[in-house]
Amino acid sequence: MSLPLLSEFVILHLGLGSFHRAHQAVYLQQLIEAGDARWSLSGANLRPDMADLLDTLRAQDGCYTVETVSPAGDYRYQRIGAIREVLPWEPSLAAVVARGADPRTRIVSFTVTEAGYYLDPQDRLDTSAAELAEDLARARRGEAGTTIYGAVCAILRARSAAADAGAVTLLNCDNLRHNGERFRRGLLEFIEQAGLPALAAWVRENTTCPNAMVDRITPRPPPALRERVHEATGWDDGAPVTAERFTQWVIEDDFIHGRPDWARVGVELVDSVAPYEEAKIRILNASHSCIAWAGTLVGLQYIHEGTHTPAIRQMAFDYVTEDVIPCLNAPGHPSPVDLPAYRDVVLERFGNPAIRDTNQRVAMDGFSKIPGFIAPTVRERLARGEGIASVAVLPALFLFFLRRWHAGTLPYVYQDQGMDEAGAHAICDAHDPVEALCSDAGLWGDTAGDLRLIEAVRSASARVRAFIEERSS
């Protein structure tokens, strides 16, 4: 297969959605504009569901526009040309595997949802998932798959067989806590279950998987975006993205075969990403879900509307102030992050009316977000004998939200890759839905069924009901 010339070094990124194009690609573009053009991006998707976008990007030579807007309403536009190659999707992923095995490719990065890791509550691969089982069968036949494990396994098998490809860094660009470590465990488990012990040994010696934390609110591109870009730039861009002005990227500096000089453009390269990750996941991500669920329950469409609703803003503020900050600033282990200031910046960002981020987008995947974003605070507070009144509001909101899904009365389609629909309906049909939700081991792990959790969520549910009724009267 003929591979086009790119740059001296290549990052192959899997997942060309809006977030990657508003975040990682922008950092590389800034580095190129600063005079360092040694690296470029090759982009691909693992599924056929974004064929039109790939066709558009390919027709535009990988170029597109990023619109950013500040809370004060200042709009700016930037042309991004860091993606030099857009690989077509086809079932064998042949072009993706070939690019991943090319010696110039030094990093394979990817953006995956929490559910896309297929991890059970014990952090082992959930091989009961049909997609994962199908990919294991494909891997045994020497084929690439559609999950992140099935695709990366095929790339690494080809790379290990190439005489001159060398080592490669596998870089997560998503919201999963300890993402590099957990992906590495899942990948090795996948490879071993596929019966490829020699490949597993090669992966252990020739790859690293740094943990990383990413942050930039990136809503789905609205219909009016294309016209705004055209008016501002004169370019009729078929693949623009919009995002807030704020952006952050923190990566553990553990790259096995080189990396761009990202620190030059504001990336924080650190020894441990954990405190930054915890602050972002527990404060930003969980509060985001809180506002989306609460806003949906009282008929709001956008995140900024909920943030400017005093009762909803107070729920998020109290959750962070009363339960999260005491966990992250544990005695003897202070966070390097100014947590109260971070909380306030997050709420300011959520209140940006120009972003028009929808509750539908943020509310999705609750069955992955509760164990990832919310349960750790519950677990730590209970272990220290402390109250959970404020954090309990979040699962209470989700239960009211879930019961509307169950009844078919949500104002939009709810998407949740981590949800077992039969199990979710059973929670809602239970004699005591609060107890059923709080006893779900997939959501709460060892805390499932704890009477303190059940009673706290029951009490919070009464407050949520009063909030809904007050807004409905």
Dump the intermediate steps for salt bridge (charged side-chain N to carboxylate O under 4.0 Å, His left out) on Lys369 and Asp416, then the final yes or no. CA-CA 10 Å; Lys369 289 175 177 173; Asp416 194 329; over 6 Å; no
Audit row: Tyr27, Trp262, ring-ring contact (aromatic ring centres under 6.0 Å, His included) steps and yes/no: CA-CA 7 Å; Tyr27 280 101; Trp262 278 314; 8.3 Å; no
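Applying the 6.0 Å contact sphere to CZ of Arg79 captures more than 12 heavy atoms from other residues, nucleotides or ligands.
Phe373 contributes atom CZ, which lies 6.0 Å from atom CD1 of Ile281 (distance to the nearest 0.5 angstrom). From Phe398, atom CZ reaches atom SG of Cys290 across 13.5 Å, with rounding to the nearest 0.5 Å. For the atom pair CG (Leu171) and CD (Gln24), the distance works out to 7.5 Å, reported to the nearest 0.5 Å.
Looking at Glu181 and Asn211, their side chains do bring a donor and an acceptor atom within 3.5 Å of each other. In this model, a donor atom of one side chain and an acceptor atom of the other lie less than 3.5 Å apart for Asp174 and Asn179. For the residue pair Thr68/Gln78, the side-chain donor-acceptor check at 3.5 Å is not satisfied. Using a 3.5 Å distance cut-off with no hydrogens or angles, the side chains of Ser335 and Tyr276 do not pair a donor with an acceptor. For the residue pair Arg404 / Thr409, no side-chain donor-acceptor distance below 3.5 Å is found, with atom types taken as modelled. In the model, Gln29 has a side-chain atom that pairs as donor or acceptor with a side-chain atom of Glu33 under 3.5 Å. Using a 3.5 Å distance cut-off with no hydrogens or angles, the side chains of Thr207 and Arg184 do pair a donor with an acceptor. No hydrogens or angles considered: a donor-acceptor pair under 3.5 Å links the side chains of Tyr117 and Asn172.
Taking the charged nitrogens against the carboxylate oxygens, Asp237 and Arg226 have no contact shorter than 4.0 Å, which rules out a salt bridge. Using a 4.0 Å cut-off between charged nitrogen and carboxylate oxygen, Arg259 and Asp254 do not count as a salt-bridge pair. Ion pairing between a basic and an acidic side chain is recognised when a charged N comes within 4.0 Å of a carboxylate O; Asp446 and Arg379 show no such pairing. Classification of Arg220 and Asp357 as a salt-bridged pair fails, no side-chain N sitting under 4.0 Å from a carboxylate O. For the pair Asp74 and Arg76, the salt-bridge criterion is met [side-chain N within less than 4.0 Å of a carboxylate O]. A salt bridge is absent between Glu244 and Arg216; no separation between the charged side-chain nitrogens and carboxylate oxygens falls under 4.0 Å.
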Using distance only, find each side-chain donor-acceptor pair of residues 263-274 under 3.5 Å and give its atom names and separation, not counting sequence neighbours.
unit_1, atom_1, unit_2, atom_2, d
Arg264, NH2, Ala34, O, 2.7
Glu268, OE2, Gln248, NE2, 3.1
Ser272, OG, Ala274, N, 3.3

Table please: side-chain donor-acceptor pairs of residues 38-51 below 3.5 Å, with sequence neighbours left out.
unit_1, atom_1, unit_2, atom_2, d
Arg38, NE, Asp36, OD1, 2.9
Arg38, NH2, Asp36, OD2, 2.8
Ser40, OG, Ser7, OG, 2.7
Ser42, OG, Glu85, OE1, 2.6
Asn45, OD1, Leu16, N, 2.7

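Taking the six-membered ring for Trp, Phe401 and Tyr414 have ring centres closer than 6.0 Å. Taking the six-membered ring for Trp, His13 and Phe110 have ring centres at least 6.0 Å apart.
Tyr149 and Gly186 get closest at one heavy-atom pair: CE2-C, 3.4 Å. Taking all atoms of both residues into account, the shortest heavy-atom contact from Arg361 to Ile217 is NH2-CG2, 4.3 Å.
Applying the side-chain hydrogen bond (donor to acceptor under 3.5 Å, both in side chains) test between Arg177 and each of Glu277, Glu278, Glu114 identifies Glu278 as the sole match.
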